[in-house]
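Here the structure comes first, spelled out in structure tokens, and everything after it is commentary.
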Amino acid sequence: MLSLTQAFDKLLATVSPLEAVSLPLADVLGMTLAEDVSAPEDSPPFDKSLMDGFAVRADDVAGGFASLRVIEIVTAGRVPLKAVGPGEATQIMTGAPIPDGADLVVKIEETLPDIDSVHVTTKSITPGTNIVRRGTSVRAGDVVLKAGMKLNGSRIGALAELGRAVVSVHRRPTVAVLATGDELVPIGQRPGPGQIRNSNEAMLVALLQAAGAVLVSLGIARDNRADLKAKIQEGLQCDMLVLSGGVSAGTLDLVPSELAEAGVREVFHKVELKPGKPVWFGVRAGFPSGGRESPGSSISRVAEEPGDSRPPRGESVYVFGLPGNPVSSLVCCELFVRTAIRRLMGEQPPMPRPIPARLEHDYSARADRPTYHPAKLMWSPEGATVKLVPWHGSSDLCGTVAANGMAFLSGEAKEYRAGEMLDVIPW
Ligand code: AMP
Ligand code: MG
């Protein structure tokens, strides 16, 4: 059986970023830049005032005191028309350009206005005080944002400052979610004997939306080959298909063999992990757009015609078969599916980023495999702390609602002591 590290290695060796698309800034939150972006001009574009006050000549205030003739008022958005000569001052607002001749701004709190003049008393007499020079932040041509950066508010703001209304980003993957199982009923329906509600579909859709994917919900496939075949074909129209259930060793666990039938090559099946051991991952290699299916293949991919309502496709389709137990599905989605989505969207690094946190209590671990245990991550003045929440195993989804992440336990029988550090992956 693969170790977690081996599984991640295989995953990352298989998945490559999707192609770039150009999108307006309003649509790129959480996406990753696919181009370097440089400054079209110096920023700030002119020497500007950091304060409301008076632009003066440093020589005039060298003694710390001066009475100066006010020759002009410049508000932000206007430009000074007059140069400041000896014995003169221009009243200036934050952000306004510094007039020629002036090399220091005395803030308003250090001045006393008179009829046509201003009395200045200040200790800040060094030339350049309260002035931010042209190009201090960036020079024209400097690369400010690099390909691979994930776009958040500050970076989108910087793109706007650089005049980029449209930028190149890796497109979002389309992901189909398919629950499998004869026992499943839609969530609006009361389960009969032997039946349960299909909770995985809603959960996986939510997790994958949060990851930035565009979702296609395929509902429930029954545990028979005809139904699975048809719905798997639908799912393979997307960039990724995520199935839940049917990947273990039961007689009706038909998912791996049906995926093989559909031309999906297994990359791994089963990982040394708790919960989630039976997880399955594979890929169906595509062909360049406009190309042909390789000879001998039974699969025909429908060409994307203009006006085609199907979601856009990359060249390969990635397929995950997650174990049906809800917490197994949750853990495998957080570990593997989200990592694949980060990779498709060009995010660096794509791996989950655990937060080291101090365990708040003793814990006696009996697991025989590396385990992700639902956990509550908290912040204290001394740093992150974590509590393992009471939890009854892979079917106990309600037990996870008190958690906001999952803590890694190494898999040996071990007495953890309060104060030990654990790695926690936040949800
Ligand atoms: P399986 O992986 O198909 O063997 O399913 C393992 C367990 O997970 C069984 O108890 C299933 O009833 C349960 N299960 C499977 N699919 C779902 C689902 N979509 N929602 C909730 N539970 C499920
Ligand atoms: Mg099943």
Side-chain angles (χ1 to χ4, degrees), residues 1-2 7 175-211 213 215-232 234-235 238 240-262 264 266 268-282 319-338 369 371-372 374 391-401 403 406 427:
M1 205 181 332
L2 291 186
V175 180
V177 170
L178 176 60
T180 73
D182 283 341
E183 74 280 31
L184 302 179
V185 297
I187 51 177
Q189 200 171 311
R190 178 179 283 277
Q195 295 183 322
I196 57 162
R197 293 192 185 90
N198 171 19
S199 54
N200 285 351
E201 183 182 347
M203 175 181 72
L204 292 171
V205 164
L207 292 171
L208 298 172
Q209 272 173 344
L215 270 292
V216 177
S217 243
L218 297 179
I220 300 167
R222 298 307 173 188
D223 291 323
N224 65 71
R225 295 201 178 273
D227 201 18
L228 272 175
K229 219 181 271 299
K231 296 216 162 85
I232 284 173
E234 263 186 81
C238 291
M240 186 187 284
L241 167 60
V242 178
L243 300 106
S244 92
V247 290
S248 306
T251 48
L252 289 182
D253 289 335
L254 307 173
V255 167
S257 58
E258 275 308 315
L259 288 171
E261 272 284 296
V264 184
E266 178 185 308
F268 62 74
H269 188 190
K270 297 199 173 85
V271 176
E272 222 179 315
L273 165 68
K274 198 173 195 162
K277 179 172 95 173
V279 62
W280 193 100
F281 171 61
V319 182
F320 289 91
L322 309 183
N325 266 313
V327 188
S328 307
S329 266
L330 169 63
V331 168
C332 290
C333 184
E334 288 291 343
L335 288 179
F336 303 117
V337 187
R338 286 192 85 149
R369 266 172 277 146
T371 299
Y372 281 95
W391 177 55
H392 302 288
S394 59
S395 61
D396 182 15
L397 190 57
C398 288
T400 66
V401 302
M406 51 192 192
W427 289 340

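Both ligands and their constituent atoms are indexed starting at 1 by order of listing.
A distance-only check finds a donor-acceptor pair linking the side chain of Lys231 to the backbone of Ile220 [under 3.5 Å].
Taking Lys274 as the reference, Asp368 meet the salt bridge (Lys or Arg N to Asp or Glu O under 4.0 Å) condition, with sequence neighbours excluded. Every residue two or more places apart in sequence or in another chain that forms a salt bridge (Lys or Arg N to Asp or Glu O under 4.0 Å) with Glu334 is listed here: Arg338.
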Which atom pairs, one a donor and one an acceptor, fall under 3.5 Å between side chains of residues 180-194 and the rest of the protein, sequence neighbours left out?
| from | atom 1 | to | atom 2 | distance (Å) |
| --- | --- | --- | --- | --- |
| Thr180 | OG1 | Ser244 | O | 2.9 |
| Thr180 | OG1 | Gly245 | O | 3.3 |
| Asp182 | OD1 | Asp223 | N | 2.9 |

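Looking at Val279 and Phe336, their side chains come closer than 4.5 Å, going by heavy atoms from C-beta outward.
Protein residues with any heavy atom under 4.0 Å from ligand 1: Ala179, Thr180, Glu183, Leu184, Ile196, Arg197, Asn198, Ser199, Asn200, Ser244, Gly245, Gly246, Ser248, Asp253, Pro323, Gly324, Asn325, Pro326.
For the side-chain contact (heavy atoms from CB on, under 4.5 Å) test with Val242, the passing option among Val319, Leu215, Val175 is Val175; the others fail.
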